[in-house]
Novice: 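Handing you a structure now.
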Amino acid sequence: MRHTLLTTVLAMLAALVLAGCGGPPPPAHPGEVTRLAAAIRALGPEVDPDEARRAARVAYRHTATLAREYEITDPPLIHNTKVNMGLKPAGLCWHWARDIETRLKEEQFRTLEMHRAIANAENVFRLEHSTAIISARGDAYDAGIVLDPWRKGGQLTWVPVAEDPLYDWEPRDAVTARKLEREHGQIVTITEDRRFLVGGTEYAARDAQ
């Protein structure tokens, strides 16, 4: 009896995980792109308006492209489960952050700069979360705008870092250095080209975050 009940519960959970919750995310409304462009332009007087508009267009278009490539049809936590089970090709938060950052860096902006950040790195009760951030060139990550397609299942969420209602962000490099220090029991030095030096050993920046 107990075995039968357990089998039934597991089957129901598997069905929930494997069931699709709908189609891919809807395309962005042009007004959303315009609002993001205005927010990026407002990051500082030195931000080029054309670059701000281009960054907004690329962010939304690449989000849609990645949603198709990642085969997004579910809310983020269900999609995560499918990725971890090998049923979907990608779509964890760090995949989004990495690929959005990489695509925007390809634009070689003169007045804008990309960053990576992590939230909940020390919170055992919440899922660690990664994002890309765009700022005016030369500004710190926390003066920028979060570009996060993961939290709404392939629809781009953007919000100023300091105003994000869900996450307290910190630089990815700081989180990586802290993890390496705990792992190796030594002080970590971060070089200007983002290499991590632990004693005599060098570690590259970790993408799996």
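We number each residue from 1, following the sequence as shown. Quick note: numbers below take in every heavy atom, side chains included, and nothing from hydrogens, waters or symmetry partners.
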Novice: Show your reasoning for whether side-chain contact (heavy atoms from CB on, under 4.5 Å) applies to Leu104 and Leu147.
Specialist: CA-CA 11 Å; Leu104 283 165; Leu147 302 175; 3.6 Å; yes
Novice: Rounded to the nearest 0.5 Å, what's the gap from OG1 on Thr157 to CD1 on Ile145? Could you check?
Specialist: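 Answer rounded to 0.5 Å: 13.0 Å.
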Novice: Any carboxylate oxygen within less than 4.0 angstrom of a Lys/Arg side-chain nitrogen, looking at Arg178 and Glu170?
Specialist: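 Yes.
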Novice: Evaluate the side-chain proximity of Arg35 to Trp158: yes if any heavy-atom separation is below 4.5 Å, no if none is.
Specialist: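 SC-SC contact between Trp158 and Arg35 confirmed.
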Novice: At what distance, to the nearest 0.5 angstrom, does CD of Glu71 lie from CG of Leu87?
Specialist: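 The distance works out to 10.0 Å.
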Novice: Is any NZ, NE, NH1 or NH2 atom of the basic residue among Glu106 and Arg103 found under 4.0 Å from an Asp or Glu carboxylate oxygen of the other?
Specialist: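 Yes, charged N to carboxylate O under 4.0 Å.
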Novice: Find out whether Ile72 and Trp96 are in side-chain contact, i.e. whether some heavy atom of one side chain is under 4.5 Å from a heavy atom of the other.
Specialist: yes
Novice: For the atom pair CZ (Arg54) and CG (Leu112), what is the distance rounded to the nearest 0.5 Å?
Specialist: 8.5 Å
Novice: Provide the full list of salt bridge (Lys or Arg N to Asp or Glu O under 4.0 Å) pairs with a residue in residues 130-149, sequence neighbours left out, each pair given once.
Specialist: Asp148-Arg151
Novice: So Tyr70 and His95, would you call those rings parallel, tilted or perpendicular, with 30° and 60° as cut-offs?
Specialist: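 Tyr70 and His95: tilted rings.
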Novice: Check whether any side-chain N or O of Glu113 sits under 3.5 Å from a backbone N or O of Gly138 as a donor-acceptor pair, and report yes or no.
Specialist: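 Pair found, side chain donor or acceptor close to backbone of Gly138.
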Novice: Per the side-chain hydrogen bond (donor to acceptor under 3.5 Å, both in side chains) rule, which among Lys82, Lys88, His79 passes with Asp74?
Specialist: Lys82
Novice: Output the distance between atom CD (Glu46) and atom CD (Glu51), rounded to the nearest 0.5 Å.
Specialist: 10.5 Å
